[in-house]
Amino acid sequence: MKEKIILLANIATSTKVTMQEEKILETTIDALLNRVQDLKNSSQSFLMKIEQQQLTWPQVLDNFAVISGQVSTLFKVIKNDRTPVLRNLVLLPLVVQQEPDADLQKSTEGRIQAFNHEVVPDHLRTKYEPEVEDKESILSATASNMSSESTQRQIADFNATLSNLVEMIGTARDEWETDQSSASKSSTNINADVPKLVGAITYGKGLSSSSSSGSSSHKSSSQGRHSSSQRSSTSSSGKVSSAVKTELKTKVLDANSPYGTK
């Protein structure tokens, strides 16, 4: 009786541990799927921008930085201490059928219609195809038979080729950035001058101030000349009237004087 109770307790404990492991596995898979989906969306968006837009070098670097950050986040999730070791898990197909599966089509975005005998070997294989394994073994044998001197010489040649390639890419990038900056400066200058010319020709913008100042100066000068002529005319008329008054006064005095007549 005691042994039966211990056996039931062990079964319950193992069941509880299994349930916890399943929950952890489900949480890990959901997190991985979310990170992979984000990475997929960023890659698709970047490819669409390359095809439909003319990106500058800083914009390309920004898109690569986003993708690199998402890849780093994905590796952090995989290397987390709470993440179970996925390589120790075994994935077995529960159903292999020829009929189309709607859930499978939705999850694979229409790439896989049915989980049949043709698809299973490609998606559940844990080793390379025999042809790939043969090529890999040939390359491994060739690499192991090479001497250290030839290996170092090939490494040096490969590094020199990479250095020349990096230099060429850097030169091309500098020339491209210079052309982009000069083109942007010329376009800004043209865009700044064209509206001024159009406004000056069509609406007289930029010319109204000088014409108004010229007309006002013309008006002020004409008004000055008119006022000076008026002042000269009034002064001359004043002189004439004063002379007439003096002459009349002298005539009146001569008429009243007893010595005025002979």
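For the pair Glu109 (side chain) and Lys106 (backbone), a donor-acceptor distance under 3.5 Å is absent. Side-chain N or O atoms of Ser107 include one that pairs as donor or acceptor with a backbone N or O of Asp103 at under 3.5 Å. A donor-acceptor pair is defined here as one N or O able to donate and one able to accept, closer than 3.5 Å; such a pair exists between the side chain of Asn164 and the backbone of Ala160.
Side chains of Val77 and Leu32 form a contact here, defined as non-hydrogen atoms less than 4.5 Å apart. Leu124 has its side chain out of reach of Val119: every pair of non-hydrogen atoms, C-beta onward, lies at least 4.5 Å apart. Looking at heavy atoms from C-beta onward, Asn41 lies in side-chain contact with Gln37 at the 4.5 angstrom threshold. The closest side-chain heavy-atom distance from Gln59 to Lys49 is not below 4.5 Å. Between Ile50 and Asn63 the shortest side-chain heavy-atom distance does not fall below 4.5 Å. Using a 4.5 Å cut-off on side-chain heavy atoms (C-beta onward), Arg82 and Thr27 make no contact. Here the side chains of Pro100 and Gln105 are in contact, with some heavy-atom distance below 4.5 Å.
Minimum heavy-atom separation, Pro84 to Ile24: CD-CG2, 3.9 Å. In this structure, Phe115 and Val95 approach most closely via the heavy-atom pair CD2-O, 3.5 Å. Of all the heavy atoms in Ala141 and Ser144, the pair that sits closest is O-OG, 2.8 Å. The minimum heavy-atom distance linking His117 with Pro121 is given by the pair O-CD, 3.0 Å. Of all heavy-atom pairs between Ala114 and Gln97, the closest is CB-O, 3.9 Å.
The OG1 atom of Thr73 lies 9.5 Å from the CG atom of Leu39; values are rounded to the nearest 0.5 Å. To the nearest 0.5 Å, atom CG of residue Asn116 and atom CG of residue Asp101 are 11.0 Å apart. With values rounded to the nearest 0.5 angstrom, Ser72 atom OG is found 12.0 Å from Ile67 atom CD1. Taking CH2 of Trp176 as the start and OG1 of Thr56 as the end, the distance is 5.5 Å to the nearest 0.5 Å. Atom CZ of Arg173 and atom CH2 of Trp57 lie 6.0 Å apart (nearest 0.5 Å). For the atom pair CE (Met168) and OG1 (Thr171), the distance works out to 8.5 Å, reported to the nearest 0.5 Å.
Residues Val36 and Ile29 are members of one and the same hydrophobic cluster, defined by side-chain heavy-atom contacts under 4.5 angstrom among Ile, Leu, Val, Met, Phe, Trp and Tyr. Hydrophobic cluster membership is shared by Leu25 and Ile78, with clusters built from Ile, Leu, Val, Met, Phe, Trp and Tyr side chains linked at under 4.5 angstrom.
The number of heavy-atom neighbours closer than 6.0 Å to CD of Gln53, taken from other residues, nucleotides and ligands shown, is above 12. Atom NZ of Lys40 has more than 12 neighbouring heavy atoms from other residues, nucleotides or ligands inside a 6.0 Å radius.
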| query | Given Thr161 and Leu165, is the side-chain contact (heavy atoms from CB on, under 4.5 Å) satisfied, shown in steps? | reply | CA-CA 6 Å; Thr161 304; Leu165 183 61; 5.6 Å; no

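Connectivity analysis of hydrophobic side chains (ILVMFWY, heavy atoms under 4.5 Å, direct or indirect) links Met48 to nothing; its cluster partners are none.
Residues in residues 147-171 take part in no salt bridge (Lys or Arg N to Asp or Glu O under 4.0 Å) pair, two or more places apart or across chains.
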